[in-house]
**Student:** 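Structure in structure tokens, see below.
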Protein chains: 2
Amino acid sequence: MNDRGARGASPTINDVARLAGVSKKTVSRVINRSPLLNDATRERIEAVIAELGYVPNRQARSLALRRNFVLGLIYDNPNAQMVLNFQQGVLDTIKDTEFALVIHPVDRRSPTLFEDIRRFVEQQRHYGVMILPPLSEDDQFADLFRELGCNYVRMGSAELDEPAHLVQSNDRQAVREAIDYLVAQGHRRIGLIAGPSGFRSAHERRQGWIDSLVAHGLPHDETMVAEGNYTFETGQSAGEALLGRGEPFTAIFASNDVMAAGAIHAAHHRGLDVPKDISIVGFDDTVIAATIWPPLTTVRWPIRTMAQSAARKLIHPETAGKEQALFPAELILRASTEPPETER
Amino acid sequence: MNDRGARGASPTINDVARLAGVSKKTVSRVINRSPLLNDATRERIEAVIAELGYVPNRQARSLALRRNFVLGLIYDNPNAQMVLNFQQGVLDTIKDTEFALVIHPVDRRSPTLFEDIRRFVEQQRHYGVMILPPLSEDDQFADLFRELGCNYVRMGSAELDEPAHLVQSNDRQAVREAIDYLVAQGHRRIGLIAGPSGFRSAHERRQGWIDSLVAHGLPHDETMVAEGNYTFETGQSAGEALLGRGEPFTAIFASNDVMAAGAIHAAHHRGLDVPKDISIVGFDDTVIAATIWPPLTTVRWPIRTMAQSAARKLIHPETAGKEQALFPAELILRASTEPPETER
DNA sequence: TTGTAAGCGTTATCAA
DNA sequence: TTGATAACGCTTACAA
């Protein structure tokens with residue numbers, strides 16, 4: 001019936017069945033590692049599979065099983081290294097499985113954003129999707145996934161959802177520890193370059209800064225804060241603003257690495273030496289942190305580990321609730337911080 | 001027959017056909033925009049589709065059409081921004097089509113690399129795959145794709161393949177122009193931090209450096225070259241090496257941005273000011289270039305445009321040979337270069 | 001332990 | 001311009 005020639009079509013389960021002299025169901029059992037199978041039969045079929053170079057057809061399998069072994073990744077993130085690390089982590093988990101990763105970068109300013117995402121999920125019929133901040137912070141997308149019957153995991157810096165649908169970093173605690181470290185070094189006046197107010201992570205990081213200052217009885221008010229939107233340029237202008245305000249700071253915490261890099265520029269521009277005249281701390285530990293001068297003290301986020309976990313939660317929904325949901329960050333010390341002059 | 005209830009299963013072509021009182025083939029014609037269709041019928045069916053929220057099943061479609069509307073992207077690249085830009089470019093092209101992008105980062109040092117890629121292509125049965133440098137420079141992968149009957153496009157810095165299977169940058173010419181610029185500014189002794197010898201791009205960039213120096217009758221020999229492997233650390237040590245050698249350079253060209261950043265560190269380390277004492281030029285125009293201090297003069301590669309074209313070549317193989325294959329780079333001037341002291 | 005028949009949701013063929 | 005029927009390559013139920 002199926003008379004494949006040398007026309008390049010790849011062998012199917014029927015070819016294997018015919019050559020091995022068994023039914024296709026039996027071949028199917030081999031593919032799916034069914035336990036009830038005569039060893040001799042299995043070996044014979046495996047030999048034919050190897051000889052033919054047979055690879056089961058994913059589309060057909062998906063159709064018959066009524067599920068698609070594809071994970072989706074949705075993001076709109078200015079931080080390339082973060083996104084790539086996340087992709088890498090997902091791949092770590094799905095390596096040697098039949099899963100594939102389909103990516104879907106979007107533009108969060110697009111008026112059709114919501115419909116874009118809906119179409120993506122409807123069309124691909126993923127096994128599950130992962131969504132990165134800041135999009136992940138918006139409940140309407142989670143609602144959408146639920147409405148479409150699509151499993152999902154959100155990455156975020158707060159308890160956005162149940163553990164089965166969340167991989168969370170503790171930004172607030174991590175920043176608090178970073179500021180604690182500056183205080184321990186003798187810093188007393190520590191400025192904040194905050195992230196954009198729409199971002200949950202920006203809020204959490206600001207809270208961490210406040211937590212530490214309050215705990216140490218140090219001042220914190222709006223004059224010590226300048227807001228940026230996670231880009232280099234806004235970090236620079238926020239830095240300029242802070243450095244131009246009244247009583248000088250001995251340290252500045254920037255809510256991400258790129259803004260910290262901008263703040264360093266601003267300091268240089270004013271003839272200040274980092275860290276001699278002012279210490280600067282970032283957040284993310286992107287490649288920039290180790291690349292700029294001076295190398296940046298920053299908070300490292302275990303993104304890849306979080307991504308591995310996110311993928312596992314989607315692949316094994318039955319145990320997803322029991323997997324870790326909180327992933328602590330750690331402070332990476334580099335040359336952009338040192339005790340203030342008064343302490344040296 | 002198909003008695004879908006509220007159990008969450010999505011509507012199929014049969015549901016649409018039944019409700020519209022037509023055969024499923026007719027519905028199929030609507031989906032596929034067949035021209036031979038009564039307008040009234042079409043409208044009636046479209047109404048039912050909208051009402052039901054029917055979305056055709058990709059797996060079933062793929063199976064029936066015997067092709068998978070998925071593009072694959074294979075890479076092992078240390079440059080996150082480059083990879084993300086490429087992904088973005090591909091998405092630009094496949095947006096509003098039925099295509100999806102599946103990514104496959106690999107480890108080029110893995111002993112199973114070749115088999116990994118073979119498995120990926122065999123299992124996914126892509127419409128076509130794109131492969132990024134340095135992997136794209138290796139003919140054995142192109143041979144593999146051909147053997148597997150999988151269309152492909154290679155991204156590279158040299159004429160690696162026919163136009164239908166290539167998006168090429170002119171690294172050699174671009175570097176030549178960058179060095180020409182330095183010479184025009186008055187530089188006469190220009191060092192090179194070369195890329196790793198296994199990389200075609202490294203070779204091309206080195207040739208561009210030679211081309212320019214030869215054209216201007218300036219010296220170029222092995223003592224003016226230090227090799228790195230495209231990482232920050234090796235850029236730094238290559239920079240140290242050059243700066244420690246005999247007659248001082250007034251400019252250095254580094255074969256990528258991260259190595260240029262490393263060279264700037266090395267210069268700072270020796271108490272040299274960039275660009276006053278030494279000019280430094282990079283390649284890539286990654287985010288780092290605008291972020292480091294001083295901002296880096298560098299060669300910008302039109303990666304996103306190349307990616308858009310690569311995806312188009314895969315989607316329209318019939319016209320792929322006629323699409324542009326060469327994408328010129330441009331020199332971006334920033335603060336890391338200025339005329340040497342003797343010219344000021 | 002293995003096979004038969006039916007079905008997954010779509011498209012192609014060919015006839016009406 | 002439409003429809004009946006048979007694929008596409010696999011899995012599940014059920015039977016043997």
Side-chain angles (χ1 to χ4, degrees), chain A residues 1-4 7-46 48-49 52-69 98 122-125 127, chain B residues 1-4 7-46 48-49 52-70 98 122-125:
Chain A
M1 212 173 297
N2 185 339
D3 183 30
R4 312 181 34 253
R7 292 184 309 282
S10 30
T12 74
I13 199 171
N14 289 307
D15 301 316
V16 177
R18 188 159 25 80
L19 257 81
V22 296
S23 78
K24 48 195 223 180
K25 178 64 220 182
T26 307
V27 178
S28 171
R29 289 199 175 92
V30 174
I31 299 169
N32 294 288
R33 304 177 197 291
S34 159
L36 15 84
L37 239 182
N38 190 314
D39 277 351
T41 323
R42 158 170 291 124
E43 277 165 29
R44 184 154 41 92
I45 295 175
E46 276 171 350
V48 175
I49 287 180
L52 248 46
Y54 166 71
V55 180
N57 182 308
R58 286 173 59 91
Q59 279 71 47
R61 227 173 108 77
S62 286
L63 185 58
L65 286 169
R66 256 146 303 180
R67 45 181 139 174
N68 192 2
F69 296 98
E98 57 193 324
E122 280 180 344
Q123 289 188 355
Q124 305 292 330
R125 299 173 195 243
Y127 206 89
Chain B
M1 215 174 295
N2 186 340
D3 184 30
R4 309 182 37 252
R7 293 185 309 283
S10 30
T12 74
I13 199 170
N14 289 307
D15 301 316
V16 178
R18 188 160 24 81
L19 257 83
V22 297
S23 78
K24 47 196 224 180
K25 179 65 217 182
T26 306
V27 178
S28 172
R29 289 201 176 89
V30 173
I31 299 170
N32 295 286
R33 307 178 193 291
S34 159
L36 14 85
L37 239 180
N38 190 316
D39 276 351
T41 322
R42 158 171 290 123
E43 276 165 28
R44 183 154 42 92
I45 295 175
E46 275 171 351
V48 174
I49 288 179
L52 247 46
Y54 165 71
V55 179
N57 182 308
R58 285 173 59 90
Q59 279 70 47
R61 223 172 113 77
S62 286
L63 185 57
L65 287 169
R66 254 146 306 178
R67 40 163 128 195
N68 192 1
F69 296 98
V70 162
E98 58 192 326
E122 281 179 343
Q123 288 187 356
Q124 306 292 330
R125 298 174 195 243

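Below, each value reflects all heavy atoms present in this structure, side chains not excepted, and no hydrogens, waters or symmetry copies. All chains are named by letter (A, B, ...) in the order of the sequence lines, taking the proteins before the strands, and each is independently numbered beginning at 1. Given the structure is predicted, the values throughout are model-derived calculations rather than measurements.
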**Student:** Given D:dA4, C:dT4, D:dC10, which nucleotide is nearest the side-chain atoms of A:P56?
**Tutor:**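 That would be D:dC10.
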**Student:** Check the phosphate of C:dG3 against A:S23, side-chain N and O only, distance under 4.0 Å to OP1 or OP2. Yes or no?
**Tutor:**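 True: A:S23 side-chain N/O within range (under 4.0 Å) of C:dG3 OP1/OP2.
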**Student:** Measuring to OP1 and OP2 of D:dT11, would you say a side-chain N or O of A:R61 lies under 4.0 angstrom away?
**Tutor:** yes
**Student:** Think A:N57 has a side-chain N or O under 4.0 angstrom from the OP1 or OP2 of D:dC8?
**Tutor:**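 Checking D:dC8 against A:N57, no side-chain N or O comes under 4.0 Å of OP1 or OP2.
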**Student:** Within the 4.0 Å heavy-atom criterion, would you say B:R29 contacts the bases, only the backbone, or no part of the nucleic acid?
**Tutor:** base
**Student:** Under the 3.5 Å rule, do the base of C:dG9 and the side chain of A:R66 count as making a donor-acceptor pair?
**Tutor:**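 Answer is no: no donor-acceptor pair is held.
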**Student:** Determine the contact category for B:L37: base if any of its heavy atoms lies under 4.0 Å from a base atom, sugar-phosphate if only primed atoms, P, OP1 or OP2 are that close, otherwise nothing.
**Tutor:** sugar-phosphate
**Student:** Taking the side chain as every heavy atom from C-beta outward, state whether A:S10 and B:R125 have any atom pair closer than 4.5 Å.
**Tutor:**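 In contact.
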**Student:** Phosphate oxygens OP1/OP2 of C:dG9: is one of them under 4.0 Å from a side-chain N or O of B:N14?
**Tutor:** no
**Student:** When all nucleic acid strands are considered with a 4.0 Å heavy-atom cut-off, which category describes B:T41: base, sugar-phosphate, or nothing?
**Tutor:** sugar-phosphate
**Student:** Does the base of C:dT11 carry an N or O that pairs as donor and acceptor with the side chain of B:K25 under 3.5 Å?
**Tutor:** no
**Student:** To the nearest 10 degrees, how far apart in direction are the end axes of the helix from C:dT1-D:dA16 to C:dA16-D:dT1, each fit to five base pairs?
**Tutor:** 30°
**Student:** Within the structure, does a side-chain N or O atom of A:S28 lie under 4.0 Å from either OP1 or OP2 of D:dT11?
**Tutor:**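 Yes, within the criterion.
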**Student:** Roughly how many Å is it from CG in B:L36 to P in C:dA12, rounded to a whole number?
**Tutor:**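 Atom CG in B:L36 sits about 13 Å away from atom P in C:dA12.
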**Student:** If you find the nucleotide of DNA chain C closest to B:Q59 and the one closest to A:K24, which residue's nucleotide is nearer the 5' end?
**Tutor:** A:K24
**Student:** Just verifying a value: how many Å separate B:E46 CD and B:T41 OG1, rounded to the nearest 0.5 Å?
**Tutor:** 11.0 Å
**Student:** Taking only the side-chain nitrogens and oxygens of B:T26, find out if one of them lies under 4.0 Å from OP1 or OP2 of D:dG3.
**Tutor:**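 Yes, because at least one side-chain N or O of B:T26 sits under 4.0 Å from OP1 or OP2 of D:dG3.
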**Student:** Closest nucleotide of DNA chain D for B:G21 versus for A:V27: which of these residues is on the 5' side?
**Tutor:** B:G21
**Student:** Rounded to whole angstrom units, what separation is found between the CG atom of A:L65 and the C1' atom of C:dG9?
**Tutor:** 14 Å
